[in-house]
Amino acid sequence: MTTSYKRNKIALIGAGMIGGTMALLAAQKELGDIVLLDIPLAEGTAKGKALDIQESRAIDGYDAEIIGTSDYADVTGADVVIVTAGVPRKPGMSRDDLVGINLKIIKDVASKLKEVCPKAFVIVITNPLDAMVYTMQKVTGFPTHMVCGMAGVLDSARLRYFLADGIGIAAQNVQAMVLGGHGDSMVPLLSSANAGGVPVTTLLDPETLAAIVARTRAAGGEIVGLLGNGSAFYSPAAAAIQMAEAYLNDKKAVLPAAAYLNGEYGYDGFYFGVPTIIGAGGIEKIIETPLSDDETKALAASAGEVKSLVAGLGL
Ligand code: TXD
C-alpha cells in the first residue's frame with residue numbers, strides 16, 4: 001500500500017522583512033512547504049528570498065520546498081496563511097495611521113484567500129492589527145476561530161524580556177501576558193506576571209514595574225525610531241511562527257492572540273487580544289483570566305479604542 005506523505009503548506013502573504021524572516025524560521029523548524037507571495041512588482045524579492053533560503057538547505061539540513069511567487073494559484077490549499085501584506089510605520093506614525101493604506105490591501109488579499117484556501121488557519125500581522133484581522137475575517141467569511149491576529153505573543157515577549165532583564169534572570173523563566181488592543185492602550189498584566197511562580201511584584205519595585213509597562217507599550221515605536229525605516233521584524237516573525245506551529249502540531253498552546261470575542265470578558269463582536277488555546281482547531285478556546293480592578297479598567301479603555309477603530313472601517 002503506498003501512502004502519500006503530504007507536508008503542511010504554509011503561505012506567507014508579503015515577502016518583506018517579516019515575511020522573509022518567517023520563511024527562514026519555518027524552514028529551519030521544518031513546519032512544511034512554504035509559499036512566499038508578494039505583488040508582481042516585488043515577485044523578484046519573493047523568488048530571491050525563497051531561493052536564498054533553499055540554498056541554505058545543504059547547511060542547515062532541513063527539507064522543505066520554498067517558492068517565491070505573485071500568483072495566488074500557488075497558495076491553493078494552504079494549511080496556514082500568515083499575512084504581512086501592507087506598509088509598516090515610519091518614525092512619528094501611529095499604527096492607526098496605516099489604516100487607510102492597509103485596509104485596501106487586506107481587503108484585496110482576503111478576497112483572494114477566500115477563493116484559494118477556504119480551510120486555512122489565517123494569522124494576520126498587518127497593522128493596525130485589531131482592525132486588519134477583523135477585516136480579514138469579514139471579507140473571507142472564514143469561521144472566526146480560524147482567523148486570528150498576532151500581537152499579544154510579541155507584546156508579551158517584550159514584557160517578559162524587560163521583566164527578566166530587570167530581575168536578572170532568563171526571559172523564558174518569566175511568564176507574563178499583554179492583553180487588549182495592539183496599540184498604546186495595550187494592557188500588560190502585572191497581577192499574574194511571575195518568575196518561576198514568584199510574583200514579579202515581589203521582585204521589582206513599583207517604579208521599575210511602571211517603567212517596564214511604559215517601555216512595553218512603546219516598544220514598537222522604540223524600534224521604529226532606531227531603525228528609521230521600517231519596524232520590528234525578527235520578534236514579530238518568531239511570534240507568528242510560534243502560533244503557526246501550535247496550529248500545525250496541535251500543541252494546545254496557551255498564547256495571547258487577537259481572537260474574536262463572543263461575550264468573553266464581557267465583550268463581543270470584534271477581535272481583541274486575549275489568552276487563547278491554539279491547536280488543530282485554530283483558536284480552540286479563549287481563557288478568561290482574573291484581572292485586577294486597574295487591569296479591568298484598562299482593558300475596557302482598550303476595548304473602546306479598538307471598537308471605534310473597527311467601527312470606522314465601514315464593514
Ligand atoms: O505585532 C504586530 N502585529 C506588528 C505588525 C509587528 C511588526 C510589524 N507590524 C506590521 O506588519 C507592519 O506595520 C506592517 O503593516 C506589516 C508588515 O511589516 P514588514 O516589516 O514585513 O513590512 P514590509 O517589509 O514593507 O513588507 C510588507 C510586504 C512588502 O513586501 C509589500 O510588497 C507586500 O507586503 N505587499 C503585498 N503582498 C501581497 N499582496 C499585496 N496586496 C501586498 N501589498 C503589499
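Contact record, Ala26 with Ile241: CB-CD1, 4.0 Å, taken as the closest heavy-atom pair. In terms of heavy-atom proximity, Pro128 sits nearest to Asp96 at CB-OD1, 3.7 Å. Smallest separation of non-hydrogen atoms from Val109 and Met136: CG1-CE, 4.2 Å.
Judged by distance alone, the side chain of Asn102 and the main-chain N or O of Val87 form a donor-acceptor pair under 3.5 Å. In this structure, Lys49 contributes its side chain and Ala15 its backbone to a donor-acceptor pair below 3.5 Å. The closest donor-acceptor contact from the side chain of Glu30 to the backbone of Ala64 lies at 3.5 Å or more, if one exists at all. Within the 3.5 Å criterion, the main-chain N or O of Leu291 finds no donor-acceptor partner in the side chain of Ser191. The backbone N or O of Ala219 sits nowhere less than 3.5 Å from a side-chain atom of Glu222 that would complete a donor-acceptor pair. One N or O on the side chain of Arg217 and one on the backbone of Met186 form a donor-acceptor pair closer than 3.5 Å. In this structure, the side chain of Thr140 does not engage the main chain of Ala110 through any donor-acceptor pair within 3.5 Å. A distance-only check finds a donor-acceptor pair linking the side chain of Glu284 to the backbone of Ala280 [under 3.5 Å]. Side-chain atoms of Lys9 never come within 3.5 Å of backbone atoms of Asp79 as a donor-acceptor pair (strictly under, hydrogens ignored). Between the side chain of Ser156 and the backbone N or O of Val153, no donor-acceptor pair lies under 3.5 Å.
For the pair Val254/Ile287, a side-chain contact is recorded, criterion being any heavy-atom separation below 4.5 Å from C-beta on. Side chains of Phe121 and Ile278 form a contact here, defined as non-hydrogen atoms less than 4.5 Å apart. When side chains are defined from C-beta on, Ile125 counts as touching Ile82, because their heavy atoms get closer than 4.5 Å. Asp97 has its side chain out of reach of Arg89: every pair of non-hydrogen atoms, C-beta onward, lies at least 4.5 Å apart. Put simply, the side chain of Glu115 does not reach to within 4.5 Å of the side chain of Tyr72, judged on heavy atoms. The side-chain heavy atoms of Lys107 and Leu315, taken from C-beta on, include a pair separated by under 4.5 Å. Contact annotation: the side chain of Val81 approaches that of Cys117 to within less than 4.5 Å [non-hydrogen atoms, C-beta and beyond].
The existence of a salt bridge linking Lys112 and Asp108 is confirmed by a sub-4.0 Å separation between a basic side-chain nitrogen and an acidic carboxylate oxygen. Between Asp63 and Arg57, at least one side-chain N (NZ, or NE/NH1/NH2) sits under 4.0 Å from a carboxylate O, which counts as a salt bridge.
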Show the atom names and distances, to 0.1 Å, of all donor-acceptor pairs under 3.5 Å that link a side chain in residues 167-184 to residues at least two apart or in another chain.
residue: His182; atom: ND1; partner: Asp155; partner atom: OD1; Å: 3.4
residue: His182; atom: ND1; partner: Asp155; partner atom: OD2; Å: 2.8
residue: His182; atom: NE2; partner: Arg95; partner atom: NE; Å: 3.1

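Rounding to the nearest 0.5 Å places CG of Leu154 at 15.0 Å from OH of Tyr234. In this structure, OG1 in Thr84 is found 7.5 Å from CG in Leu12, a value given to the nearest 0.5 Å. Going from atom CG of Asp294 over to atom CG of Leu190 covers 10.5 Å, rounded to the nearest 0.5 Å. Here OG1 of Thr21 is found 8.5 Å from CD1 of Ile53. Values are rounded to the nearest 0.5 Å. To the nearest 0.5 Å, atom NZ of residue Lys29 and atom CG of residue Asn249 are 9.5 Å apart. One distance of note links CZ of Arg215 with CG of Leu163; it measures 11.5 Å at 0.5 Å rounding.
Two different hydrophobic clusters hold Leu37 and Ile39 under the rule that ILVMFWY side chains link at heavy-atom gaps under 4.5 Å. Using a 4.5 Å cut-off between side-chain heavy atoms of Ile, Leu, Val, Met, Phe, Trp and Tyr, with links allowed through other members, Ile10 and Leu51 fall into different hydrophobic clusters.
Counting non-hydrogen atoms of neighbouring residues, nucleotides and ligands closer than 6.0 angstrom, the NZ atom of Lys252 exceeds 12 such neighbours. More than 12 heavy-atom neighbours from other residues, nucleotides or ligands sit within 6.0 angstrom of CZ on Phe142. For Leu41, the CG atom sits in a loose shell: 12 or fewer heavy atoms of surrounding residues, nucleotides or ligands are nearer than 6.0 Å. In this structure, Met93 places its CE atom where more than 12 heavy-atom neighbours from other residues, nucleotides or ligands lie under 6.0 Å away.
Note on ring orientation: taking the six-membered ring where Trp is involved, the planes of Phe272 and Tyr267 are perpendicular (angle over 60°, cut-offs 30° and 60°).
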Worksheet item: For Thr69 and Leu36, what are the C-alpha separation, side-chain angles and deciding distance, and is it a side-chain contact (heavy atoms from CB on, under 4.5 Å)?
Response: CA-CA 6 Å; Thr69 185; Leu36 195 49; over 6 Å; no
Discussion item. Before you tell me yes or no, could you show the steps for Tyr62 and Ser56 under side-chain contact (heavy atoms from CB on, under 4.5 Å), namely the whole-Å CA-CA distance, both residues' side-chain angles and the distance that decides it to 0.1 Å?
Written reply: CA-CA 9 Å; Tyr62 50 79; Ser56 66; 2.4 Å; yes
Item to complete: Could you walk me through whether Asn127 and Val99 pass the side-chain contact (heavy atoms from CB on, under 4.5 Å) test, one step at a time?
Response: CA-CA 7 Å; Asn127 270 326; Val99 66; over 6 Å; no
Worksheet item: Does the side-chain contact (heavy atoms from CB on, under 4.5 Å) test come out yes or no for Asp38 and Ser70, once each step is laid out?
Response: CA-CA 5 Å; Asp38 213 298; Ser70 64; over 6 Å; no
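In this structure, a donor-acceptor pair under 3.5 Å is present between the side chains of Ser185 and Ser302. Side-chain contact annotation: Thr144 with Tyr271, donor-acceptor N/O pair under 3.5 Å absent. In this structure, a donor-acceptor pair under 3.5 Å is present between the side chains of Thr208 and Asp205.
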